[in-house]
Amino acid sequence: MKKLITTLTNIWKIEDLRNRIMTTLLLLLIYRIGCHVVLPGVNPDALVARSSEGNSILDLINMFAGGSFSRSAIFALGVMPYISASIVVQLLGIAVPAFQKMQKEGESGRKKMTQITRYLTLAITLVQAVAYVKTQVPAEAKTLAEPMFTILSAVVLTAGTLFVMWLGEKITDKGIGNGISLIIMAGIIAQLPAGIVAEWGSRMSPSGGGPIPLLLEFVALFFVVIFAILVVQGIRKVPVQYAKKIVGNKQVGGVRQYIPLKVNAAGVMPIIFAQAIMFLPMALSQFFPDLQSDFLASLSNYTSVAYNVTFAVLIIAFTFFYTAIMVNPQQMSEDMKKNGGFIPGIKPGYDTNIFIDNVISRITFPGAIFIAIIAVLPALAAKLGVNNQFAHFYGGTSLLILVGVVLDTLQQIESHLLMRHYDGLMKTGRVKGRSTSTSVEGIDQAAL
């Protein structure tokens, strides 16, 4: 406890760090206030009655939007259009030569790709805003006539998403941590109290089982979080030896370093891709009622066996796919060869390329299995009687985002402390955060 108080005191003493933390908290507060501002022309009472119906898939989307999705708030779409645009631009940077060229142009190329991402975000938001108004706002909740309501709501929702994107960029520049990641994390955490209250009420009811099952659920959640931390931080160190060079009167090189290959190099992206595909059956059943069947209905229920088996298979497939396009063994071997480095016992060039590729394949498979297990844990928790609102915190994208963002933010705080010769956050060792390739916003930074 004394160590914690000393660390908090040291954090407060550093003016720059203190200002960054206060700025971050202020901007996150602005975001949370906006999540409760209902769209103009919407009757909130009608929405409360509708939200009680409860749809497992929509509840999941609502959690990422910080509850604003079900409230029809001005931030109902959150940062998801920006995330979608970032994914598209990132994939274009891998497949399209023009975008590959921009990536190699340094700072100027990065600014161009950021601008393209913003324009694409605007286009995606407009489409999603119209779809949201048409499908998620019931007719009895509308107090304005059509088409004025749709036009006005689409403009407000688009402006809201762009404002949230701006808040995220400001947090990254002026605050601490990754802005978009923190905004998503704030939305997820905001749903945690309601989930705990709902689970408490469920367990304290005459048929709920009492406090013992509730205590066991919290113990299980603790071990699930530990498991997620192990997956996020797991790395395989590949030793690299650099040849000695004599430059003038100095010896350069001759040191051994490591290439840290992450077990979970794809981050949360496989789950995001898989969830996007798993939303299709629900969309098909809504837009084409004639296609409804027991199989499509099971794929729309996130607790069904068909849904979770399909979900797990898609996650494993996307983990290999995303790792393959994000980690380039050939480029790594070429860079190593140019800098006079080699893996002990492995010939430089082609053999090094094959060796790194084999190592990545071997560590990606257990990583993919672990991610799939984490992704289906909420459904397992719901099947075991945990309330849906609380079950979502047992795994999936939400848990990986929470763990990853917290580690990343703590790492940045510790860097500020160590830079000014204060002790770090831990008594021994250092906080090992994520690389940018696994952050939530790492979706557009290669994530989040």
Side-chain angles (χ1 to χ4, degrees), residues 60 64 83-84 86-95 181 184 224-225 227-238 259-280 299 302 306-332 353-380 392 394-405 407-408 433-448:
L60 191 62
F64 287 108
I83 298 298
S84 302
S86 300
I87 292 172
V88 172
V89 172
Q90 188 177 358
L91 293 176
L92 288 174
I94 297 169
S181 303
I184 296 176
V224 168
V225 172
F227 177 67
I229 292 174
L230 292 175
V231 174
V232 169
Q233 290 189 308
I235 60 172
R236 164 75 156 85
K237 292 182 178 180
V238 177
I259 302 176
L261 299 176
K262 295 184 71 65
V263 173
N264 181 27
V268 299
M269 292 304 299
I271 302 181
I272 291 176
F273 282 145
Q275 280 180 338
I277 291 179
M278 295 307 295
F279 289 153
L280 291 178
L299 290 180
Y302 89 106
Y307 178 95
N308 285 282
V309 171
T310 307
F311 192 34
V313 171
L314 286 174
I315 288 172
I316 294 172
F318 278 124
T319 300
F320 277 95
F321 168 75
Y322 200 77
T323 302
I325 64 177
M326 291 308 303
V327 183
N328 189 344
Q330 183 177 356
Q331 185 66 41
M332 294 169 67
N353 178 12
I354 297 299
F355 177 80
I356 295 175
D357 186 60
N358 289 336
V359 171
I360 292 172
S361 299
R362 288 169 185 166
I363 65 175
T364 298
F365 180 71
I369 298 296
F370 292 154
I371 295 174
I373 292 173
I374 289 175
V376 301
L377 279 177
L380 179 61
H392 286 309
Y394 275 83
T397 315
S398 57
L399 182 62
L400 289 176
I401 288 174
L402 289 176
V403 169
V405 174
L407 289 175
D408 189 44
R434 305 162 300 160
S435 64
T436 54
S437 62
T438 56
S439 66
V440 177
E441 194 179 0
I443 295 164
D444 68 305
Q445 286 184 4
L448 350 76

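As the structure is a computational prediction, the values presented were derived from the model and not from experiment.
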Test your reading of the model: is there a side-chain donor-acceptor pair from N358 to the backbone of I354, 3.5 Å cut-off? yes
Please name all residues satisfying side-chain contact (heavy atoms from CB on, under 4.5 Å) with A274, sequence neighbours left out, ordered by chain then number. F311, L314, I315, F318
In Å, rounded to the nearest 0.5 Å, how long is the span from CD of Q330 to CG of N353? 5.5 Å
Do F227 and I374 make a side-chain contact, defined as non-hydrogen atoms from C-beta onward lying under 4.5 Å apart? yes
Does L400 reach the side chain of V232, with side-chain heavy atoms less than 4.5 Å apart? yes
Taking V403 as the fixed residue, which of I401, L407, V405 is the one that meets the side chain to side chain contact (heavy atoms under 4.5 Å, CB included) rule? L407
Which atoms form the tightest heavy-atom contact between Y394 and V224, and what is the distance? O-CG1, 3.1 Å
Which atom names give the shortest non-hydrogen contact between I235 and V263, and what distance separates them? N-CG2, 4.1 Å
Any side-chain heavy-atom pair of P329 and I360 under 4.5 Å: yes
Only counting residues at least two apart or in another chain, list the ones meeting side-chain contact (heavy atoms from CB on, under 4.5 Å) with I316. F320, A368, I369, A372
Do any N or O atoms from the side chain of K262 and from the backbone of Q233 form a donor-acceptor pair under 3.5 angstrom? no
Partners passing side-chain contact (heavy atoms from CB on, under 4.5 Å) against V238 (at least two apart in sequence or in another chain): R236, I259, L261, I343, F355, V359
To the closest 0.5 Å, what do you measure between OG1 (T323) and CG (N264)? 7.5 Å
One should read off an interatomic distance between S181 OG and I83 CD1, to the nearest 0.5 angstrom, of 7.5 Å
